[in-house]
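Notes follow once the structure below has been shown.
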Amino acid sequence: MADYNPQVIEKKWQAYWEQNQIFNAKVDKSKPKFYSLDMFPYPSGAGLHVGHPLGYIASDIITRYKRLQGFNVLHPMGYDSFGLPAEQYAIQTGQHPAITTEENIKRYTEQLKNIGFAFDWEKEVRTSDPAYYRWTQWIFMQLFNSYYDKSEDKAKGIGALIEHFEKSGNAGINAVCDEDTPEFNSEDWENFSPKQKQEILLKYRLTFLAETTVNWCAALGTVLSNDEVKDGFSERGGHPVERKKMMQWSMRITAYADRLLRGLDTVEWTEPIKEMQRNWIGKSKGAEMVFEVKGHDKQIKVFTTRIDTIYGVTYLALAPEHDFVQDLITEDQRKTAEAYVEVAKNRSERDRMTDVKTISGAFTGSYAINPFNGEEIQVWIADYVLAGYGTGAVMAVPAHDERDYNFAKHFGLEIRQVIEGSMEEGSFPGKGGIIMNSDFLSGLEMQAAMDKAIEFVEARKIGKGKIQFRMRDAIFTRQRYWGEPLPVYFKDGLPYLIEEKDLPLVLPEVDKYLPTEDGEPPLARAKDWNYKTTEGEFPLERSTMPGWAGSSWYFLRYMDPKNEDKFVDQEIAKYWGAVDLYIGGAEHATGHLLYSRFWTKFLFDLGVIDIEEPFQKMINQGMIQGRSNFVYRVKGTNKFVSLGLKDQYETSAMHVDVNIVHNDQLNLDKFKSWRPDLADAEFILEDGKYHCGSEVEKMSKSKYNVVNPDDIIERYGADTLRLYEMFLGPLEQFKPWNTNGIDGVSKFLKKLWKLYHNNAGEVSISNDAPSKDELKTLHKTIKKTEEDLENYSFNTSVASFMICVNELTAIKCNKRAILEPLAVLVSPYAPHIAEELWALLGNTDSIIKASFPEFKEEYLVENSHEYPVSINGKMRTKLSLSLSLTKEEIEKAALEDETVQKWLEGNVPKKMIVVPGKIVNIVI
RNA sequence: GCCGGGAUGGUGGAAUUGGUAGACACGCAAGACUUAAAAUCUUGUGGCUUCACGGCCGUGCGGGUUCGAUUCCCGCUCCUGGUACCA
């Protein structure tokens, strides 16, 4: 073989890897393990574009490197194959989403294989496969059968709870449950009907059915979770979303709030992602206390983080949705207050969000009593108070809270300062200040005042210290077809689990994928969607699970994907443990990454796995943006003018397919055949070339800027694609895709190839001992590659390969002792060419079985250094000096230098800084 | 508003703890090879200035610390991601 021919060698090695099962991972306790995971893709109909494989290439390089270091590597790939696009397509065409999904997966797999990833395809999972989702359903059943014991701070089987109820009711049980759970004793429990018992238990189960205010998206016909809604519109499709009360399954993720928070300290993720999760969980310490209402037997419960400012409270504010609102409105206020509630309630979430500046509210006419000083304060309704957070009521302290301040100003309510400081600039939080005007709290600092105030309310049994979380329980149902059915049936309106032996509960056939006429989810269309028990037939749940169900535990299934008896074998799970490196986008920060941590902790509590955190180390790759090209049509003609000349004409810009543009130069022939109307296009060129304009936009079909990896591979080869994606810049950075530099890495591979061949194109390797220079070049590169891989700095190691090959080419090196380790060094990045060169060197086994070359410092030891000599910090000359010189000797040599003499002009330097082995700086 | 990330030649980017700013590539220019083109190779390439040696300026902007700052500190501008009345 003469020339480097990527098309031939890449196919050859891909086939070799597959046939020889090179990447098949098996438990091997004699080797250290390394579990590398990529966020698995949703197989969309559009196929892969060049942005998708970016993270996969990075993780592939790491796993190949780890293999060379002797690790036993698990590096799987699979598909998150339930999802909206396939279902929308099914609604439009009537084709079963499973068919579309299957086709898309086939295409994705083909594309991924083309890039030469070292995936263990034996381990592939698909969330929409019944063999997979039977275990998703199984985990759901475990959640249903569990409650959260706060004393032990872990989930436990519901059986233990029932036992406790039988013994002593729910007194003394420290478990997470619904707010409205009644108190009962053992006798009550005994007397409850089975139905009542179920109702009670549902208030404790980790997954439960309850009426919740949900984000309802009418266009998609389903509810969405908070992280699927952006600014009042659905993230997918951008349809309007409204708030609606519905019966939904929820996951009691809030039970894990504190552990999810604490666990963040044990994982190596980037700080921004951890911070996002912390904010999302939103832990705040404060107190809960009640205010009596004058003339009512009602008590308004508020949550506050600043009970130290209790003497500054001048009014209470209730959310418009608060249960007491109707009762507290007095006759004389009825008209205005009710009108306000009506408006406020109907304002959509979106209106409230876009219009946060407008202050609105209404006085109820009722008065509450501040238990600290017996003062009567007005009770207002205000839409700045959210029904869903805390108690839906706040004690307003206008002097020390900005929103309360603005509200008080607007309605002319009293503002009473209780912390020392200046009110000139409006309210101030005054954290750490001294309390004033506050009776027995005056003179204290914030924390001391809070402690004392909490003592006060606790002594009177009107409140207590409390920790509040912002995070809500996660809604777990979608009114869609293409998702996991819930293993639940209904008897007397109450949910029961189907039996484990009946798993998987397979998605039924339906005639249409739309909701029914009366708004029931698509599964209501299925015939016989019932569960048969000895007592009869009962209807099955018609909603399905949300997209995040399957992805919350997939990393476990990869370890043991074909296991029919368990979701994963415990011994195998123990061996692979947590994911050592997780690569994916940052967009899952508060969704997937939180939910899978939750399920992992739950499974840990269950005792079926040994890890509490699924993803030990994570890096987030930056998205690849599109880079569009433009041509400029002279108005009213079929003439196109090059970018530099377009201002001389009246033109309109037109997107042009980036695939017929190279280095921003338009391929005229391809342009003419691009569309029929362009066949007779004329051009006004610059230097015989047509230069296109460019802009960074989202990668999308309509902008003609989608680049398919297959096209790049066809033209340059997969190794070039891999190298180029890495060479583009740091992995985490967002960057537009443009092919302008790709020739550089392609040339590099050709040069690399040539090192192993003579001018006649024959393999030519010398077995002579390498020279000092050759060894230096090699070891410099080993060192740099190793460091870069440890830091995930892939772009710089590609540059160091280029330097290495340039240097070896310059000295015409063809020594085996250099070229053999070089092939290994390059192999994680460009595995195909490396395998081929490895074989040409006479090796018979895959290069993956080789060892990463050992770096030897001795080859880099220098005995002289080229000192930059600076005058006043500016480099003026260089001086090559022996490294054995002392400071004084260096100083002397520098002063003798001609250039230095010139700058000194005969004067004595004010100061001299000499850092041996680094620099010389002379201050004059 | 709040919390992150960022800004370096015509372009992508490099500079490990403060120590030669612009590595490596692309592009461009000139040259070699060729009938020609492509490919390949060689040389040059931050700006201004100078015949040249050299000099001045230069890492978003304005200050500061330091012998020395892309790097550290203070104050701003712009871009970008997250979040949004969370009591």
* **Whole-Å distance separating the CH2 atom of A/W737 from the P atom of B/G13** => 13 Å
* Output yes when at least one side-chain N/O atom of A/N740 is less than 4.0 Å from OP1 or OP2 of B/G10, else no. => no
* To do: Let me know the distance between CG of A/L728 and P of B/A14, rounded to the nearest Å.
  => 11 Å
* B/S/- contact track for nucleotides 63-72 of chain B, protein heavy atom under 4.0 Å -> ----BS----
* Taking RNA chain B as the partner, which of residues 271-278 of chain A come within under 4.0 angstrom of it by heavy atom? -> A/P272, A/E275, A/M276
* **Closest non-hydrogen atom pair, A/V385 against A/A317** => CG2-CB, 3.7 Å
* Got A/L685 and A/L668 here, is their nearest side-chain heavy-atom distance under 4.5 Å? -> yes
* Mind checking A/N806 for me? I need base, sugar-phosphate or nothing, with any heavy atom below 4.0 Å counting as a touch. => sugar-phosphate
* **Pair pattern of RNA chain B in dot-bracket, where unpaired bases get dots and | marks partners in another strand, Watson-Crick or G-U under 3.5 angstrom** => (((((((..(((......[....)))((((((.......))))))((((....))))..(((((..]....))))))))))))....
* Test side-chain hydrogen bond (donor to acceptor under 3.5 Å, both in side chains) applied to A/Y867 - qualifying residues, sequence neighbours left out -> none
* To do: Assign a letter to each nucleotide of nucleotides 36-60 of chain B from its 5' end: B, base within under 4.0 Å of a protein heavy atom; S, sugar-phosphate only; -, no contact.
  => ----SS------------SSS----
* Nearest-0.5 Å distance, OG1 of residue A/T254 to CZ of residue A/F469 -> 9.0 Å
* Asked: A/W280 side chain: which of B/G19, B/A84, B/C85 is closest?
  -> B/A84
* What are the residues of residues 788-797 of chain A, sorted by number, that bring a heavy atom to within less than 4.0 Å of RNA chain B? -> A/N795, A/T796
* Asked: Pick the nucleotide of RNA chain B nearest each of A/F469 and A/P868; which residue has the one closer to the 5' end?
  -> A/P868
* Taking only residues at least two apart or on different chains, which pairs with a member in residues 910-924 of chain A satisfy side-chain hydrogen bond (donor to acceptor under 3.5 Å, both in side chains)? -> none
* Asked: Base, sugar-phosphate alone, or nothing: which one does A/F727 contact when heavy atoms must sit under 4.0 Å apart?
  -> base
* To do: Could you tell me the separation between the CD1 atom of A/I359 and the C1' atom of B/A87, rounded to a whole number of Å?
  => 16 Å
* Asked: Is the closest basic N to carboxylate O distance between A/D743 and A/K747 below 4.0 Å?
  -> no
* Looking for any heavy atom pair under 4.0 Å, which part of the strands does A/P730 touch: base, sugar-phosphate only, or nothing? -> sugar-phosphate
* Asked: Quick one: is B/A87 close enough that its OP1 or OP2 comes under 4.0 Å of any side-chain N or O from A/S284?
  -> yes
* Asked: Can you name the nearest heavy-atom pair linking A/C692 to A/L666, along with the distance?
  -> SG-CB, 3.8 Å
* To do: Look at the aromatic rings of A/Y389 and A/F303 and report parallel, tilted or perpendicular, splitting at 30° and 60°.
  => perpendicular
* Asked: Which nucleotide in the set B/C86, B/C24, B/U20 lies at the smallest distance from any side-chain heavy atom of A/L386?
  -> B/C86
* Using side-chain hydrogen bond (donor to acceptor under 3.5 Å, both in side chains) as the criterion, list what pairs up with A/Q378, not counting sequence neighbours. => A/W380
* For nucleotides B/A36 and B/A52, find the distance between their C1' atoms and express it as a whole number of Å. => 39 Å
* Structure fact -> Residues at least two apart in sequence or cross-chain that pass side-chain hydrogen bond (donor to acceptor under 3.5 Å, both in side chains) with A/K466, listed by chain then number, are A/E288
* Structure fact -> Rounded to whole Å, the NZ-C1' distance (A/K783 to B/A23) equals 16 Å
* **Distance in angstrom units between A/E321 CD and B/C86 C1', rounded** => 14 Å
* Whole angstrom is fine here: how far is it from NZ in A/K735 over to P in B/G6? => 14 Å
* To do: Check A/T314 against A/E414 and note the closest heavy-atom contact, atom names and distance.
  => OG1-O, 2.8 Å
* Residue A/R470, side-chain heavy atoms: nucleotide from B/C86, B/C24, B/C85 that is nearest -> B/C86
* Asked: For A/K776, does the NZ atom have more than 12 heavy-atom neighbours from other residues, nucleotides or ligands under 6.0 Å away?
  -> no
* Pair A/Y315 and A/F407, ring centroids less than 6.0 Å apart -> yes
* Taking only residues two or more places apart in sequence or in another chain, which ones pass ring pair (Phe, Tyr, Trp, His ring centres under 6.0 Å) with A/Y405? -> none
* To do: Please measure how far the C1' atom in B/C78 lies from the corresponding atom in B/A84, and state the result in whole Å.
  => 23 Å
* Structure fact -> Regarding B/G31, purine or pyrimidine glycosidic angle vs 90° from 0 gives anti
* Contacts of type side-chain hydrogen bond (donor to acceptor under 3.5 Å, both in side chains), residue A/E857, not counting sequence neighbours -> none
* Asked: Say you pick atom P in B/G60 and the same atom in B/G10; how far apart are they, in whole Å?
  -> 14 Å
* Are any of A/Q733's side-chain N or O atoms less than 4.0 Å away from OP1 or OP2 of B/C79? -> no
* Asked: Using the P atom in both, what is the distance from B/G5 to B/U66, to the nearest Å?
  -> 28 Å
* To do: Please check if any side-chain donor atom of A/Y311 sits under 3.5 Å from a side-chain acceptor atom of A/N370, or the reverse.
  => no
* Asked: Taking the same atom, C1', in B/C33 and in B/U71, what whole-Å distance lies between them?
  -> 47 Å
* Nearest-neighbour nucleotide for the A/V394 side chain, B/U20, B/A87, B/G27 considered -> B/A87
* Asked: What are the two closest heavy atoms between A/T785 and A/S797, and how far apart are they?
  -> CA-CB, 4.4 Å
* Asked: Of A/R306 and A/K784, whose closest RNA chain B nucleotide lies nearer the 5' terminus?
  -> A/K784
* B/G58 to B/G9 separation - P atoms, rounded to the nearest Å -> 14 Å
* **Atom-pair distance (NZ on A/K466; P on B/A87), nearest Å** => 13 Å
* Identified ring pair (Phe, Tyr, Trp, His ring centres under 6.0 Å) partner of A/Y829 from the options A/Y724, A/F801, A/F748 -> A/F801
* Spacing of A/I890 atom CD1 relative to B/G19 atom P, expressed in whole Å -> 18 Å
* Structure fact -> Residue pairs meeting salt bridge (Lys or Arg N to Asp or Glu O under 4.0 Å), one or both in residues 719-740 of chain A, sequence neighbours left out, come to A/D60-A/R722
